[in-house]
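A short worksheet on the structure shown next.
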There are 2 protein chains.
Amino acid sequence: MSSRAKIKDIAASVGVSPATVSRALTGSGLVAEPTLSRIREAAQKMHYRPNVSARNLRTQRSMAVLMVVRDVGNPFYLEILKGVETTAREAGYSVLMGNTENNPEREVEYFDMLRDGHADGMILMTGKLPDRAGYSEQVRGLPVVVALEEIAESGLPHVMIDNEAASRRAVEHLIGLGHRRIAHITGPVPEIMSLRRQDGYRRAMAAAGLPIPEGYEPVGDYLLHTGERLCRDLFSLAEPPTAVFVANDEMAFGAINELRRMGLDVPGDVSVVGFDDLFLSQAFHPPLTTVSQPRMAIGQQAMELLLRVFSDEGVAPSAVEMPTELKLRGSTAAPRAQS
Amino acid sequence: MSSRAKIKDIAASVGVSPATVSRALTGSGLVAEPTLSRIREAAQKMHYRPNVSARNLRTQRSMAVLMVVRDVGNPFYLEILKGVETTAREAGYSVLMGNTENNPEREVEYFDMLRDGHADGMILMTGKLPDRAGYSEQVRGLPVVVALEEIAESGLPHVMIDNEAASRRAVEHLIGLGHRRIAHITGPVPEIMSLRRQDGYRRAMAAAGLPIPEGYEPVGDYLLHTGERLCRDLFSLAEPPTAVFVANDEMAFGAINELRRMGLDVPGDVSVVGFDDLFLSQAFHPPLTTVSQPRMAIGQQAMELLLRVFSDEGVAPSAVEMPTELKLRGSTAAPRAQS
DNA sequence: CTGAAAGCGCTAACAT
DNA sequence: ATGTTAGCGCTTTCAG
């Protein structure tokens with residue numbers, strides 16, 4: 001049967017008090033050398049593992065953090081999770097995954113887990129707070145860090161990329177290749193992230209003196225099939241674009257597939273730029289030109305920020321910005337001919 | 001400030017004993033109606049949340065399960081996670097993700113978490129137990145369910161697919177199309193799952209009286225780039241195959257990309273079949289013919305099995321088999337010409 | 001440097 | 001139907 005040795009058992013076995021065992025095992029440095037080793041040995045031999053519930057109850061902390069996302073099913077979050085986890089582990093924390101499925105009920109649920117001691121802090125990547133009355137007030141001062149998304153007026157520390165600048169550069173790349181009729185498939189509006197990317201698109205277009213014709217900014221939702229559908233719409237316009245900047249890779253995949261179905265070559269006939277640099281974006285055909293976010297690093301930063309919030313010494317940054325990179329690959333080229 | 005109301009506070013506020021409050025809130029059905037409501041109201045108003053550490057310490061359970069995978073970064077596990085989570089939630093359990101990175105140290109770590117009360121049970125998807133001496137013995141009787149993979153002689157209940165039969169059907173499909181020179185890029189050997197899939201390939205070939213020439217079974221590791229490399233090898237053979245059955249989709253993507261680079265058309269010149277049916281497999285070009293596993297259902301089943309193990313009534317199945325489906329898509333066709 | 005004693009917040013006997 | 005009491009396993013004062 002599983003041994004289930006407790007601190008008391010070790011104490012008895014070694015012939016000291018439970019308190020001493022505790023001190024020895026937590027590495028407090030208050031136990032003398034002959035005893036210390038004997039305690040460690042005994043613990044080892046008895047396969048001792050401190051009971052976390054007891055410890056947590058006593059210390060009033062769980063040494064766990066909560067990472068809350070909209071949809072665990074989205075591979076996008078995986079690398080971020082890795083970054084969070086790596087940094088968390090090093091600091092002795094474990095990571096719980098929370099999944100809101102965009103359900104407000106679930107969101108407050110995870111906030112509650114902070115209060116019931118499930119976790120000591122939270123990394124929020126859902127782009128919003130529960131609407132429940134007064135929540136935005138209660139949140140201030142909680143050990144919460146926001147990543148990826150941005151929550152207006154929440155006052156919470158966050159780690160971000162510059163979505164607008166990154167999008168602007170992506171569109172500028174298209175313009176530089178000679179494209180003039182450039183469309184943009186957006187993310188869900190009015191979410192801030194989508195708006196930022198749209199802003200980048202608009203600014204790049206404006207700066208180049210290019211018009212944005214009616215129908216050139218269809219509103220998407222980051223899903224594959226929406227990319228297909230909106231692309232179809234785009235190319236049934238009287239004056240279809242020669243290039244499309246898509247707000248995320250998944251929709252860009254859909255768009256490219258749809259173009260192929262319509263008999264159009266990418267990048268021969270149409271150039272496509274995505275956003276995210278998913279795992280399979282370079283394995284895609286053609287390899288997708290896209291904005292790459294340092295996802296792992298974002299996760300690490302977010303966790304480091306949270307650790308800083310935990311430690312009461314010093315002041316934690318209220319915002320951290322991470323760099324992005326436009327990966328030039330095979331889905332963009334100069335437009336075929338003069339329009 | 002966060003309220004941090006405890007059971008004692010509610011008791012005082014309502015004018016009953018802490019025990020009654022506990023009984024009311026846990027829904028034991030032992031509290032009379034006038035009191036019951038008053039307690040509930042008070043709890044609500046004070047934003048009361050039972051402290052999990054205290055409760056877990058007292059009840060000796062954590063109401064959490066551990067789902068341990070080789071690599072959280074692999075999207076393959078996501079849908080399984082969803083299945084596990086859905087079922088777990090319904091039963092009041094939360095799910096902790098564990099990541100071994102194929103590191104034996106980490107594996108025992110997660111077993112330890114069972115003993116230290118972090119979790120009440122575990123769903124193992126790593127295909128192995130820690131080698132540490134005597135571990136396989138200790139494991140017997142622990143609340144552990146194995147999913148996807150198989151652990152020889154562990155005696156642990158598991159939920160599986162029939163890898164061999166599924167692979168056989170995949171290869172039979174190729175044979176049915178008229179292919180005779182069919183190669184197989186395997187998974188990592190000697191892992192059981194890889195061997196099973198290879199067995200399926202060999203049996204199908206044998207049953208059709210087809211030879212397996214030297215070099216037709218390169219050993220892979222499920223990674224994209226390995227698929228590319230091994231495919232290159234395969235097509236520098238004197239007699240290259242006209243079809244390839246690849247042990248997973250990720251390597252199949254790599255193989256197809258490599259074929260394209262070599263100027264070969266899929267499926268015109270070469271047919272490719274994968275295994276897994278990843279999220280992007282149908283968005284790939286060409287859409288990948290592949291073996292689909294019911295991942296979500298596998299997760300649900302695994303969790304249900306674990307719940308059965310928890311409840312001491314009745315006997316839990318020692319194995320559950322889930323069906324697979326060969327998805328016929330665009331990466332397979334009849335061979336171009338007679339060899 | 002070590003021991004004794006208290007208590008984290010909750011639930012479960014046991015009593016009434 | 002409710003109150004009293006004890007204790008889950010650990011850490012941490014407070015003494016010595």
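These numbers come from a predicted model, not from an experiment. Protein chains get the first letters and strands the later ones, always in sequence-line order, with residue 1 at the start of each.
- Separating the CG atom of B:Asp9 from the P atom of C:dC10 is a distance of 9 Å, rounded to the nearest angstrom.
- The nearest whole Å value for the distance from the CG atom in B:Leu25 to the P atom in C:dC10 is 9 Å.
- The phosphate of D:dG3 has OP1 or OP2 within less than 4.0 Å of a side-chain N or O from B:Thr20.
- OP1 or OP2 of C:dT2 lies within a sub-4.0 Å distance of a side-chain N or O belonging to A:Thr35.
- Using modelled atom types and a 3.5 Å distance limit, the side chains of A:Glu33 and A:Ser37 yield a donor-acceptor pair.
- Note: NZ (A:Lys8) to P (D:dC10) measures 10 Å, nearest angstrom.
- Judged by distance alone, with hydrogens and angles left aside, the side-chain atoms of A:Asp116 form no donor-acceptor pair with the main-chain N or O of B:Pro50 at under 3.5 Å.
- Between A:Leu30 atom CG and C:dG3 atom C1' there is a gap of 14 Å when expressed in whole angstrom units.
- No donor-acceptor contact under 3.5 Å links the side chain of A:Arg49 to the base of D:dG9.
- Comparing A:Leu57 and B:Gly29 along DNA chain D, the residue whose closest nucleotide (by nearest heavy atom) sits nearer the 5' end is B:Gly29.
- The nearest whole Å value for the distance from the CD1 atom in B:Ile10 to the P atom in D:dT2 is 16 Å.
- Both A:Asn51 and B:Ser17 sit near DNA chain D, but only B:Ser17 has its closest nucleotide nearer the 5' end.
- Of the candidate nucleotides D:dG9, D:dC10, C:dG3, D:dC10 has the atom lying nearest to any side-chain atom of A:Arg55.
- The interatomic distance linking B:Arg58 (CZ) with D:dT5 (C1') rounds to 11 Å, in whole Å.
- A:Ser53 comes within 4.0 angstrom of no nucleic acid atom, judged by non-hydrogen atoms across all strands.
- Salt bridge absent: A:Arg4 and A:Asp9 never bring a charged side-chain N and a carboxylate O closer than 4.0 Å.
- When rounded to the nearest whole Å, the span between CD1 of A:Ile39 and C1' of D:dC10 equals 15 Å.
- Within the 4.0 angstrom heavy-atom criterion, base atoms lie near A:Ala19.
- Side-chain atoms of A:Ser22 lie closest to D:dT12 of the nucleotides D:dT12, C:dA4, C:dC10.
- For CZ of A:Arg40, the number of neighbouring non-hydrogen atoms (other residues, nucleotides, ligands) closer than 6.0 Å is 12 at most.
- The existence of a salt bridge linking A:Arg89 and B:Glu101 is excluded, since no basic side-chain nitrogen approaches an acidic carboxylate oxygen closer than 4.0 Å.
- Out of C:dG3, D:dT2, D:dT12, the shortest distance to the side chain of B:Val31 is found at D:dT2.
- Contact annotation: B:Tyr48 reaches the phosphate of C:dC10 (side-chain N/O to OP1 or OP2, under 4.0 Å).
- Rounded to whole Å, atom P of D:dT12 lies 11 Å from atom CD1 of A:Ile7.
- Within the 4.0 Å cut-off from OP1 or OP2 of D:dT11, not a single side-chain nitrogen or oxygen of A:Gln60 is found.
- Taking the six-membered ring for Trp and the full ring otherwise, the centers of B:Tyr222 and B:Phe76 sit at least 6.0 Å from each other.
- A donor N or O paired with an acceptor N or O is found under 3.5 Å between the base of C:dG3 and the side-chain atoms of A:Arg23.
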